[in-house]
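Shown next, in structure tokens, is the structure this report addresses.
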Amino acid sequence: MNTSEILAILALLVSVLLLLRVVTLQAKVNELRDDLDRISRKVNFPTASGYKAAAPSPSPSPVSSDLPTDQQLYVDERVRQLLNQGKKIQAIKEVRDQLKLSLKDGKDYVEAIERQNG
């Protein structure tokens, strides 16, 4: 085997290894995108794949969950009341208690309602 054949075989091997690495990285990117979309839907933020259309309901909840509609409406209304009274921290506390959210998710929830109300 001459030098050019050895170099060609090495180049082929490196290409295959790089291709495998790209496929692995793409799988990780897709997994992260799915996670981001799932989290974004939970707090009603734009998803990684683009902006969602606003819900036409009169009082859309910023978090989609398995809660009964009545409870979601109650939580949303209670947050609006507290925001109107200037009690944002209390609103976050109540959202966290009612919906079992983390501090960040609770804050995002309240701020989403705050943005809806203008």
Side-chain angles (χ1 to χ4, degrees):
M1 252 199 237
N2 63 28
T3 317
S4 62
E5 291 173 339
I6 293 173
L7 288 176
I9 291 172
L10 286 175
L12 181 62
L13 287 174
V14 169
S15 297
V16 169
L17 291 174
L18 288 174
L19 180 62
L20 289 173
R21 182 67 177 151
V22 167
V23 168
T24 303
L25 290 173
Q26 184 62 48
K28 287 181 182 180
V29 167
N30 290 341
E31 183 180 330
L32 290 171
R33 183 178 295 127
D34 292 342
D35 290 345
L36 180 59
D37 284 344
R38 181 181 46 79
I39 292 168
S40 297
R41 281 190 305 274
K42 184 174 182 180
V43 294
N44 199 23
F45 282 158
T47 62
S49 56
Y51 288 90
K52 297 188 304 181
S57 64
S59 178
S61 177
V63 174
S64 62
S65 68
D66 296 331
L67 292 174
T69 304
D70 292 342
Q71 187 173 3
Q72 276 186 327
L73 293 175
Y74 168 78
V75 170
D76 291 358
E77 186 56 35
R78 180 69 178 139
V79 168
R80 286 183 186 90
Q81 290 171 356
L82 290 168
L83 287 173
N84 288 336
Q85 296 170 9
K87 298 180 179 179
K88 185 174 182 177
I89 293 173
Q90 182 64 33
I92 293 169
K93 286 180 183 178
E94 289 195 23
V95 164
R96 291 187 66 214
D97 289 342
Q98 292 287 326
L99 302 180
K100 309 295 186 236
L101 297 175
S102 69
L103 178 59
K104 177 163 181 7
D105 288 342
K107 180 179 178 285
D108 292 343
Y109 186 100
V110 169
E111 288 176 347
I113 291 178
E114 196 173 36
R115 281 191 302 275
Q116 287 175 354
N117 291 339

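Note that these values count all heavy atoms, side chains included, but never hydrogens, waters or copies made by symmetry. One-based numbering along the sequence shown.
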TODO: Working to the nearest 0.5 Å, report the span between CD of Gln116 and CG of Leu83.
DONE: 11.0 Å

- [ ] Could you verify whether a donor N or O on one side chain and an acceptor N or O on the other, from Gln85 and Gln81, lie under 3.5 Å apart?
- [x] no

Task: Same cluster (ILVMFWY, side-chain, under 4.5 Å), Ile92 and Leu82 - done: no

Task: Interatomic distance, Arg78 atom CZ to Leu73 atom CG [nearest 0.5 angstrom] - done: 15.5 Å

Open item on the list: Could you work out, with side-chain contact (heavy atoms from CB on, under 4.5 Å) as the rule, every residue matching Asn30, not counting sequence neighbours?
Closed with: Gln26, Arg33

- [ ] Using the test side-chain contact (heavy atoms from CB on, under 4.5 Å), find all partners of Ile6 that sit at least two apart in sequence or belong to another chain.
- [x] Met1, Leu10

Task: By side-chain contact (heavy atoms from CB on, under 4.5 Å) - contacts of Asp35 (at least two apart) - done: Glu31, Arg38

Task: Partner set under side chain to side chain donor-acceptor pair (under 3.5 Å) for Ser4, not counting sequence neighbours - done: Asn2

TODO: Verify the cluster assignment for Ile89 and Leu99: are they in a single hydrophobic cluster under the rule of side-chain heavy atoms below 4.5 Å apart?
DONE: no

Task: Pairing of Asp108 and Lys104 as salt bridge, 4.0 angstrom limit - done: yes

- [ ] Report yes if the side chains of Arg96 and Leu103 come closer than 4.5 Å at any heavy-atom pair, otherwise no.
- [x] yes

Donor-acceptor list for residues 14-22 side chains, cut-off 3.5 Å, not counting sequence neighbours:
from: Ser15; atom 1: OG; to: Ala11; atom 2: O; distance (Å): 2.8

TODO: Among Ile, Leu, Val, Met, Phe, Trp and Tyr joined by side-chain contacts under 4.5 Å, find the other residues sharing a cluster with Leu32 and list them by chain and number.
DONE: none

TODO: Supply the members, apart from Leu7, of the Ile/Leu/Val/Met/Phe/Trp/Tyr cluster built from side-chain contacts under 4.5 Å; use none for a lone residue.
DONE: none

Open item on the list: Let me check something: do Tyr74 and Val95 share a hydrophobic cluster, defined by ILVMFWY side-chain heavy atoms less than 4.5 Å apart, either directly or through other members?
Closed with: yes

TODO: May I have all residue pairs that pass salt bridge (Lys or Arg N to Asp or Glu O under 4.0 Å) and include part of residues 82-91, sequence neighbours excluded?
DONE: Lys88-Glu111, Lys88-Glu114

Task: Atom of Arg80, atom of Ile113 and distance for their closest heavy-atom approach - done: CG-CG2, 3.7 Å

